[in-house]
Number of protein chains: 2
Amino acid sequence: MANVKTAISAQDVARRAGVSRSAVSRTFTPGASVSENTRARVMKAAQELGYHVNHLARGLVRNRSGIVCLIVSEIATPYRASLVRWLSHYLQQAGKVAMLINTDRSDNSVSLALQQAINFRADASIILSGMPDKAITQLCYKHGQRLVLINRDETLPDSLNINLDSANAAETAVMAFLRAGCRHLAFANSQAGTPSLTRRESDFIAAAAQAGLQAVVERVGSTSYESGRQLAQRLLTRHQRPDAVFCVTDLVACGFMDEARHRFALRVPDDLCIVGFDNIPQSGWSSYNLTTFAQPAEQFACDAVQWLVTGEQEEPAAGAELRNDSRLYQPELVWRGSVRGG
Amino acid sequence: MANVKTAISAQDVARRAGVSRSAVSRTFTPGASVSENTRARVMKAAQELGYHVNHLARGLVRNRSGIVCLIVSEIATPYRASLVRWLSHYLQQAGKVAMLINTDRSDNSVSLALQQAINFRADASIILSGMPDKAITQLCYKHGQRLVLINRDETLPDSLNINLDSANAAETAVMAFLRAGCRHLAFANSQAGTPSLTRRESDFIAAAAQAGLQAVVERVGSTSYESGRQLAQRLLTRHQRPDAVFCVTDLVACGFMDEARHRFALRVPDDLCIVGFDNIPQSGWSSYNLTTFAQPAEQFACDAVQWLVTGEQEEPAAGAELRNDSRLYQPELVWRGSVRGG
DNA sequence: TTGTAGGCGTTATCAG
DNA sequence: CTGATAACGCCTACAA
């Protein structure tokens with residue numbers, strides 16, 4: 001019973017099954033040609049020995065590891081977490097495996113993360129946070145690694161760029177506020193300075209201007225619940241108190257709403273209309289019931305993975321250069337109770 | 001400029017630096033002995049060529065991949081997400097990398113996940129959901145893979161078992177309820193049937209009995225916000241309405257509280273005391289302000305990783321059998337506003 | 001369909 | 001300190 005430490009290799013299985021190692025290899029290679037007889041014998045031997053293909057070795061020779069890196073910061077945040085959930089789900093479904101790289105720490109950590117991806121010869125990397133150096137991305141291409149950027153609001157050549165149309169969202173939000181009779185618009189932002197977040201702000205300002213209104217802006221700390229509370233303290237103590245606030249994120253919106261209600265005793269939506277962004281689960285909780293723009297996380301994930309696997313199949317055929325792919329999704333406004341007259 | 005597709009190998013670097021591949025290898029191996037001179041030459045050549053060690057090949061020969069699998073379901077849930085965040089954090093700090101395996105789907109998927117772990121010759125797996133077959137775990141040992149179980153409430157031999165002392169929590173909760181003047185205790189559970197969740201229930205019943213009280217129990221669906229609402233509908237329409245509820249999870253508690261307030265117009269904690277479990281961020285949000293037991297996710301993660309890396313160093317020395325390690329952490333009651341008289 | 005031979009990029013061992 | 005050489009476990013021609 002006491003097999004010591006030796007892991008089982010294809011060699012061992014071959015020996016036991018009375019075939020060559022190649023036969024074993026073929027048995028575990030989807031498209032290979034093996035007779036039913038040998039396949040059965042091999043499978044039996046493999047079962048008995050507890051053999052499992054070594055993906056390290058396989059990746060080495062195939063030059064395709066099956067690994068896809070997920071590069072992400074603040075992974076415990078509701079929206080990010082759901083994105084990671086769906087990505088890992090669809091990745092697995094496509095026969096890939098997700099390698100999680102946390103970039104919470106330093107600034108250049110995205111580039112460090114991509115180095116890790118190269119180290120493990122990842123087939124692709126999906127970037128949910130930060131922006132990598134140009135140099136490192138080119139190195140990725142050189143290694144045959146494909147790149148997907150989600151919500152980075154910058155298009156990188158030779159990669160899939162997934163973004164949400166924040167201009168559309170901004171217009172919709174302004175219209176909703178106007179219809180609710182609001183006249184004093186505000187935008188509650190963080191100081192994160194992420195391109196996509198900055199974009200939401202500028203688009204909202206522009207949309208308000210288009211409607212002849214000047215929206216005020218406040219920026220505080222990180223993109224969190226706590227920042228939402230602080231933003232409320234700043235915005236709601238202004239001489240001219242806003243009656244409509246677009247929060248850069250649902251998390252911020254929840255904090256804002258809590259502070260507005262519990263500290264300023266304002267009623268939502270009667271005294272104050274609030275719109276958020278992301279449609280995290282908490283927005284649907286009855287304490288918040290937040291009207292918000294949905295980011296289709298599942299769709300992002302599904303499309304990203306599909307792009308990866310289809311691109312992989314083309315690869316051998318195409319000597320041509322990779323084409324860049326940039327997709328702009330339309331946000332859907334989820335009407336709930338934080339804006340009057342839904 | 002247009003290097004085609006060839007990835008750079010140690011061979012290339014050696015050639016350019018005018019040394020042997022061994023020298024290159026040593027340069028990138030922490031404890032090896034290389035002269036400053038050659039090291040510098042190698043580093044320069046590596047930089048220029050964009051060389052990155054191939055961890056697949058390295059793992060193959062070293063029989064240590066640096067990969068640690070995180071096996072987890074419902075990863076988008078706040079507590080799980082924070083656990084994953086901390087695990088990936090400490091793993092990276094220890095020079096490891098996290099491979100995320102999502103087991104949301106079927107039942108035996110934990111065993112499937114462990115197979116994946118074997119495929120990639122993971123150094124270890126950390127299981128946050130479900131329980132694996134005995135057979136597969138033994139196969140893991142055979143491959144030198146270490147196992148950590150978090151909150152599985154069953155001890156597996158030759159692995160690290162991390163659990164929270166739910167008996168202690170139960171007693172503390174009952175005492176808190178009694179001191180608040182509550183007499184009709186209830187436990188709100190899901191139908192998940194996870195050992196650790198079942199345990200919380202039975203321990204609470206026992207602690208209540210110890211105090212001469214008979215706690216009622218209700219079980220509904222998955223361990224979610226939505227279930228919390230439904231549980232409230234069931235428990236709060238009973239002939240004898242409970243005045244104190246221990247919810248199996250904060251998520252459930254939030255749903256319960258929302259329903260109690262918004263549908264039953266009950267005041268918390270005046271009409272109803274509620275205690276949760278996990279201390280997720282939302283519990284601290286001012287709409288909930290939930291008194292709850294904290295699960296020290298960061299500590300779990302830190303300790304688990306430490307156990308892994310120290311165990312790795314021992315490994316060569318110890319011909320002896322691996323000792324089992326079972327740790328019981330004490331939950332800390334975070335007093336907030338959902339129980340009277342904190 | 002099957003077996004043989006060569007190679008993938010590293011590291012470890014062993015002379016020098 | 002350095003350089004050959006032999007593994008590591010697997011895949012893929014190529015030949016049988």
Side-chain angles (χ1 to χ4, degrees), chain A residues 5-43 45-46 49-67 118-123 142-144 316, chain B residues 5-43 45-46 49-67 118-123 142-144 316:
Chain A
K5 62 175 88 178
T6 333
I8 312 92
S9 82
Q11 184 69 268
D12 306 323
V13 178
R15 202 153 22 223
R16 185 184 246 269
V19 298
S20 72
R21 324 152 223 188
S22 328
V24 179
S25 176
R26 279 190 276 262
T27 301
F28 288 96
T29 302
S33 66
V34 207
S35 74
E36 261 326 305
N37 184 4
T38 44
R39 146 166 273 122
R41 291 234 305 275
V42 169
M43 285 306 257
L49 260 43
Y51 168 75
H52 288 257
V53 179
N54 187 333
H55 279 33
L56 265 39
R58 169 179 279 183
L60 188 57
V61 47
R62 282 203 186 154
N63 207 25
R64 179 158 302 171
S65 61
I67 296 173
I118 294 179
N119 281 332
F120 280 95
R121 299 303 188 264
D123 298 341
K142 197 166 167 183
H143 282 263
Chain B
K5 64 176 85 177
T6 334
I8 313 92
S9 82
Q11 184 68 269
D12 306 323
V13 178
R15 200 151 26 220
R16 184 184 246 270
V19 297
S20 71
R21 318 152 226 184
S22 318
V24 179
S25 175
R26 279 191 277 263
T27 302
F28 288 95
T29 301
S33 65
V34 208
S35 73
E36 260 325 306
N37 184 5
T38 43
R39 148 166 271 123
R41 292 233 305 275
V42 168
M43 285 306 258
L49 259 42
Y51 169 74
H52 288 256
V53 178
N54 187 332
H55 279 35
L56 265 38
R58 169 179 280 182
L60 189 57
V61 49
R62 281 203 186 155
N63 206 26
R64 180 159 300 172
S65 62
I67 296 174
I118 294 178
N119 281 332
F120 280 95
R121 297 304 189 263
D123 298 341
K142 196 166 167 183
H143 282 262

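Quantities reported herein were computed from a predicted structural model and do not represent experimental measurements. Chain letters run A, B, ... following the sequence lines, proteins first and then strands; every chain starts at 1.
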Spacing between A:Asp12 atom CG and D:dC8 atom P, to the nearest angstrom: 10 Å
Roughly how many Å is it from CG in A:Leu60 to P in D:dT12, rounded to a whole number? 12 Å
First and last nt of DNA chain C near chain A, cut-off under 4.0 Å to heavy atoms, 5' to 3', are C:dT1 to C:dG9
In this structure, how many angstroms lie between the C1' atom of D:dC11 and the CZ atom of A:Arg21, rounded? 12 Å
Decide if atom CZ of B:Arg21 counts as having more than 12 heavy atoms of other residues, nucleotides or ligands within a radius under 6.0 Å. no
What is the distance from CG of A:Asn54 to P of D:dC11, rounded to the nearest Å? 9 Å
Touch class at under 4.0 angstrom, heavy-atom based, for B:Ser22 against every strand present: base
Once you round it to whole Å, what is the distance between P of D:dA4 and CZ of B:Arg26? 11 Å
With distance as the sole test, does B:Arg121 use its side chain to make a donor-acceptor pair with the main-chain N or O of B:Ile118 at under 3.5 Å? yes
Test item: A:Thr29 and A:Arg62 side chains (from C-beta on) under 4.5 Å apart, heavy atoms: yes
Close side-chain approach of A:Lys142 to B:Ile8, heavy-atom, < 4.5 Å: yes
Do A:Phe28 and A:Met43 have side chains that get closer than 4.5 Å, going by heavy atoms? yes
By nearest nucleotide on DNA chain D, pick out whichever of B:Ala57 and B:Ala23 is the more 5' one. B:Ala23
Looking at B:Ser35, I'd like to know whether one of its side-chain N or O atoms comes within less than 4.0 Å of OP1 or OP2 on D:dT2. yes
Rounded to the nearest angstrom, tell me the gap between atom CG in B:Asn63 and atom C1' in D:dC10. 14 Å
Applying side chain to side chain contact (heavy atoms under 4.5 Å, CB included) to A:Thr27 and A:Thr38, what does each step give before you reach the verdict? CA-CA 8 Å; A:Thr27 301; A:Thr38 44; 5.9 Å; no
Using the closest heavy atom to pick a nucleotide of DNA chain D for each, name whichever of A:Phe28 or B:Val61 lands nearer the 5' end. B:Val61
Counting heavy atoms not belonging to A:Arg39, are there more than 12 under 6.0 Å from its CZ? yes
When you match A:Ser20 and B:His52 each to their closest nucleotide on DNA chain C, which lands nearer the 5' end? A:Ser20
Mind checking if B:Tyr51 touches a base, just sugar-phosphate, or nothing, with heavy atoms under 4.0 Å? sugar-phosphate
Between D:dG3 (C1') and B:Gln11 (CD): distance, integer Å: 12 Å
At under 4.0 Å between heavy atoms, what does A:His55 touch on the DNA or RNA strands: base, sugar-phosphate, or nothing? nothing
Please classify the nucleic acid contact of A:Val24 as base, sugar-phosphate, or nothing, using heavy-atom distances under 4.0 Å. nothing
Spacing of A:Arg64 atom CZ relative to D:dT12 atom C1', expressed in whole Å: 15 Å
